[in-house]
Amino acid sequence: MGNTLIILLSYILNFVLIILIISLLLRIRNLEKKLINFSPTEAYSIMENMHEMVLESQRLADSLESSIKAREAVLEDLSDLVDEKILRYEKLSGEKFAGIPKEKKEVKNEQIYLETVLKKQETPQEQVKVQDNQKDLKTKILSLNAAGKSSIDIARKLGISITEVQLALRLTPKEQ
């Protein structure tokens with residue numbers, strides 16, 4: 001009886017496995033039909049979308065390329081201007097010290113350096129004047145801002161940078 005039970009169970013397992021394999025084959029067949037039943041109109045719409053995306057990417061690439069070329073041209077112009085300024089500076093500094101021997105040039109350079117350092121050192125009265133000027137500038141910025149002027153307009157009117165205007169406005173405590 002034990003052998004017949006094992007044989008019966010093996011037949012049942014074989015039957016279940018065959019049914020499982022058949023159901024899997026049917027599912028695979030259904031997937032194949034879905035892939036095969038891909039209509040030409042669907043393919044055409046997908047191709048059209050891809051074509052539009054390719055054209056858009058080409059437009060973006062062209063605009064990026066032109067932007068890069070424009071920036072390169074600006075950089076070249078700036079480089080040329082810097083080179084011209086350096087040459088002009090070298091020419092002016094060369095003319096200024098042309099007739100002076102080398103040792104005297106070094107002394108003259110040190111003298112110019114010391115003069116600039118001394119000019120930078122301010123007396124306490126000068127420091128107070130600078131602080132007063134900064135306070136006056138800040139009050140001007142605040143009054144123009146209160147009048148509804150933009151940061152750009154304030155900077156133009158006072159002859160300072162936009163960053164200075166924005167910094168002064170940010171550092172001013174807001175009235176509540």
Side-chain angles (χ1 to χ4, degrees), residues 34 38-176:
K34 285 182 181 177
F38 193 68
S39 69
T41 56
E42 291 173 348
Y44 181 75
S45 66
I46 290 172
M47 287 174 53
E48 189 67 31
N49 287 336
M50 291 181 76
H51 180 69
E52 289 175 11
M53 289 172 28
V54 166
L55 290 176
E56 184 65 25
S57 66
Q58 183 64 37
R59 279 188 228 119
L60 284 172
D62 291 343
S63 67
L64 284 173
E65 188 176 331
S66 64
S67 175
I68 288 170
K69 286 181 182 178
R71 284 188 166 82
E72 285 176 348
V74 169
L75 285 173
E76 287 177 15
D77 291 345
L78 286 173
S79 176
D80 292 342
L81 285 172
V82 168
D83 289 342
E84 288 175 14
K85 293 274 186 185
I86 289 172
L87 289 174
R88 192 177 323 147
Y89 177 74
E90 289 174 349
K91 182 180 177 184
L92 288 175
S93 63
E95 289 175 2
K96 186 174 184 180
F97 303 120
I100 303 172
K102 186 174 182 180
E103 294 112 17
K104 289 185 179 179
K105 284 183 185 178
E106 290 172 5
V107 171
K108 189 70 174 175
N109 285 337
E110 287 179 29
Q111 182 181 0
I112 291 172
Y113 173 74
L114 290 173
E115 287 173 2
T116 56
V117 168
L118 290 174
K119 285 180 185 176
K120 287 182 182 178
Q121 293 178 347
E122 300 170 340
T123 64
Q125 293 91 6
E126 290 172 338
Q127 290 175 354
V128 169
K129 286 181 184 178
V130 168
Q131 289 174 351
D132 288 342
N133 288 340
Q134 289 174 345
K135 288 180 183 176
D136 291 342
L137 184 62
K138 189 173 183 180
T139 56
K140 289 178 184 177
I141 291 171
L142 293 175
S143 65
L144 289 171
N145 185 47
K149 299 283 184 181
S150 69
S151 297
I152 297 171
D153 293 336
I154 295 171
R156 284 183 188 152
K157 184 167 184 144
L158 298 177
I160 58 175
S161 71
I162 298 170
T163 307
E164 286 180 278
V165 173
Q166 292 171 344
L167 186 62
L169 293 174
R170 280 191 202 137
L171 293 178
T172 303
K174 304 275 183 199
E175 292 181 15
Q176 297 175 348

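Note that these values count all heavy atoms, side chains included, but never hydrogens, waters or copies made by symmetry.
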Tabulate below the donor-acceptor pairs under 3.5 Å that side-chain atoms of residues 69-78 make, not counting sequence neighbours, or state none.
unit_1	atom_1	unit_2	atom_2	d
Lys69	NZ	Glu65	OE2	3.4
Arg71	NH1	Ser67	OG	2.6

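- The salt bridge (charged side-chain N to carboxylate O under 4.0 Å, His left out) analysis of residues 156-168, with sequence neighbours excluded, yields no pairs.
- With sequence neighbours left out, the side-chain contact (heavy atoms from CB on, under 4.5 Å) criterion links Ser143 to no other residue.
- Of the inter-residue distances, the one linking Gln166 atom CD with Ile154 atom CD1 reads 10.0 Å to the nearest 0.5 angstrom.
- For the pair Asp62 and Gln58, the minimum side-chain heavy-atom distance is below 4.5 Å.
- Residue Leu142 holds its CG atom at 9.5 Å from CG of Leu137, rounded to the nearest 0.5 Å.
- Counting non-hydrogen atoms of neighbouring residues, nucleotides and ligands closer than 6.0 angstrom, the CD1 atom of Ile152 reaches no more than 12 such neighbours.
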Inset, instruction - Evaluate the criterion side-chain contact (heavy atoms from CB on, under 4.5 Å) for residue pair Leu55 and Glu52; output intermediate values, then yes/no. - result: CA-CA 5 Å; Leu55 290 176; Glu52 289 175 11; 5.6 Å; no
Legend entry - Ser150/Asp153 under side-chain hydrogen bond (donor to acceptor under 3.5 Å, both in side chains): CA gap, chis, key distance, verdict: CA-CA 5 Å; Ser150 69; Asp153 293 336; 3.2 Å; yes
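- Within the 4.5 Å cutoff, no side-chain heavy atoms of Asn145 are placed close to those of Val165.
- The two residues Lys138 and Ala168 have their closest heavy-atom pair at CE-O, 4.3 Å.
- Nearest heavy atom pair, residue Leu169 against residue Ser151, reads CD1-OG, 4.1 Å.
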